[in-house]
Amino acid sequence: ERIALPGLALLDEGIESILSTSSDSPVEIYREALDLSRFNSGDYLQQTADYLRLKYQNRKVDAVIPLMGPSLDFLLRTAESVFPGAAIVFCGIDRRELAGRTLSRDVTGVLLKRDFAPTLEVALKLHPNTERVIVVAGASEFDTRVLEQVRSDLEPYASDVELTYLTTLPFPSLLEELSRLPSSSIVLYSTFFRDAAGDAFVPHEAVEQISRAASVPVYGFVDQYLGRGIAGGYLDSLNEHGSQAGRLTRRVLAGEAPSSIPYIEESASKMLFAARQLE
């Protein structure tokens, strides 16, 4: 079963593209959508671990790939009993999120290398009369964590333009606010899993509504939003990030010890634009 969220599906496709084609030795791939960002009670975690232990008790699992932080945390607690002897190759988290975790010798992974300033840099070149930059982000834990880095990366531009962060409005009010922006403004879209009222969203669906409502161009940071209303930007490719994780997993399956492989932190971003939106 494919993973429901488009971003995770792109990661999954990138991983599979490498594991299924780059070796003479076939790799059998299993998928488990744990939905830990929405369901994470102690009972649920324990019963999920018990279920996976029973399901795979007669399978030799050589590597497990957690997508994003909640899955990594789950495996750090349970992998020894659920997937004994399996290496863990994580992906979908950045260096900041990794901090504070105690990782065993059986763990390696690919870190997201997020860069937000290049998108603002190119947007200001395309719109040299910009006076105000509106940053739109959701209010979920994940949205807030990403926004912390956005703020840090964009802070050097505060002396040149006014930086406004719209994160505390219910979604309908946010759309109304964006529809009234003066032409000297641009919008940067981060992530949007939940609004300030607590309503849940899928980020690529939220950006479509935001782009339609905004009276000025919207720029982004992830390539899955291209074709959904953003003009473009320095866009991270989750598919390429997944391919990086697939290549690293191949090394582990070929016999390299995870403890001997440093974490990989390579940019998977490039400048991409939507011609129709630019027009």
Side-chain angles (χ1 to χ4, degrees), residues 5-8 35-40 68-70 92-97 99-100 112 114-121 123-124 127 130-222 224-226 228-236 238 277:
L5 289 174
L8 296 185
D35 209 4
L36 297 176
S37 61
R38 293 189 293 179
F39 303 99
N40 57 10
M68 303 184 69
I93 66 175
D94 59 29
R95 186 171 293 277
R96 292 187 183 194
E97 189 178 358
L112 283 169
R114 293 189 174 104
D115 293 303
F116 300 106
T119 288
L120 178 55
E121 188 75 35
L124 292 178
H127 308 278
T130 298
E131 298 176 0
R132 185 183 181 203
V133 176
I134 313 298
V135 180
V136 173
S140 74
E141 180 183 352
F142 179 80
D143 298 327
T144 302
R145 187 167 58 247
V146 173
L147 186 63
E148 289 176 0
Q149 186 181 344
V150 174
R151 287 181 181 273
S152 176
D153 286 6
L154 301 189
E155 183 59 32
Y157 296 87
S159 58
D160 301 319
V161 293
E162 178 185 353
L163 295 173
T164 300
Y165 294 87
L166 291 184
T167 62
T168 60
L169 294 174
F171 196 66
S173 300
L174 171 64
L175 297 182
E176 179 65 24
E177 181 76 14
L178 294 175
S179 72
R180 300 195 302 259
L181 296 177
S183 60
S184 58
S185 305
I186 58 173
V187 173
L188 301 183
Y189 176 80
S190 177
T191 64
F192 209 103
F193 282 96
R194 193 172 299 278
D195 72 356
D199 293 328
F201 292 84
V202 176
H204 81 281
E205 294 175 353
V207 75
E208 291 180 342
Q209 297 184 62
I210 287 168
S211 297
R212 283 197 300 268
S215 57
V216 297
V218 178
Y219 290 83
F221 306 110
V222 184
Q224 66 169 299
Y225 303 146
L226 202 66
R228 298 183 181 275
I230 68 168
Y234 188 62
L235 306 182
D236 187 45
L238 294 178
Q277 290 298 327

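Heavy-atom basis, side chains included; hydrogens, waters and symmetry copies ignored.
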Taking C-beta and beyond as the side chain, do [X] and [Y] meet within less than 4.5 Å on heavy atoms?
X    : Y    : value
H127 : P217 : yes
I230 : Y219 : no
D236 : F221 : no

Q) Tell me, which pairs form a salt bridge (Lys or Arg N to Asp or Glu O under 4.0 Å) where one or both residues lie in residues 210-220, sequence neighbours left out? A)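 Matches after skipping sequence neighbours: none remain.
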**Q.** Listed partners of P182 passing side-chain contact (heavy atoms from CB on, under 4.5 Å), at least two apart
**A.**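 Listed in chain order: S184, S185.
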Q: Please report the C-alpha distance between L188 and V136 in whole Å, then the side-chain angles of each, then the deciding distance to 0.1 Å, and finally whether the side chain to side chain contact (heavy atoms under 4.5 Å, CB included) criterion is met.
A: CA-CA 6 Å; L188 301 183; V136 173; over 6 Å; no
Show the atom names and distances, to 0.1 Å, of all donor-acceptor pairs under 3.5 Å that link a side chain in residues 144-152 to residues at least two apart or in another chain.
from, atom 1, to, atom 2, distance (Å)
T144, OG1, S140, O, 2.9
R145, NH2, E97, OE2, 3.2
Q149, NE2, R114, O, 2.8

Q) Residues two or more places apart in sequence or in another chain: which of them pass salt bridge (Lys or Arg N to Asp or Glu O under 4.0 Å) with D115? A)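 Counting only residues at least two positions away or on another chain, D115 forms no salt bridge (Lys or Arg N to Asp or Glu O under 4.0 Å).
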Q. Between CZ of R96 and CG of L112, what distance do you get to the nearest 0.5 Å?
A.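 It is 13.0 Å, given to the nearest 0.5 Å.
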Q. What distance do I186 atom CD1 and E131 atom CD have between them, rounded to the nearest 0.5 Å?
A.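 Output value for this atom pair is 12.0 Å.
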Partners meeting side chain to side chain donor-acceptor pair (under 3.5 Å) with [X] (sequence neighbours left out):
X    : value
Y234 : S267
E121 : Y157
R95  : E265
S190 : none

Contacts under 3.5 angstrom, residues 158-178 side chains, donor-acceptor by atom type, not counting sequence neighbours:
from, atom 1, to, atom 2, distance (Å)
T164, OG1, R132, NE, 3.1
E176, OE2, R180, NH1, 2.8
E177, OE1, R180, NH2, 3.4

So, for [X] and [Y], which heavy atoms are closest and what is the spacing to 0.1 Å?
X    : Y    : value
G232 : L226 : CA-CD1, 4.0 Å
L238 : Q224 : CD1-NE2, 3.6 Å
A139 : D143 : N-OD2, 3.4 Å
L235 : V222 : CD2-N, 3.7 Å
F116 : L154 : O-CD2, 4.0 Å

Q) Among T130, V133, D153, which one satisfies side chain to side chain contact (heavy atoms under 4.5 Å, CB included) with L120? A)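 Exactly one pass, corresponding to V133.
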Sequence neighbours excluded and cut-off under 3.5 Å, please list the side-chain donor-acceptor pairs for residues 201-208, or say none.
from, atom 1, to, atom 2, distance (Å)
E208, OE2, R228, NH1, 2.8

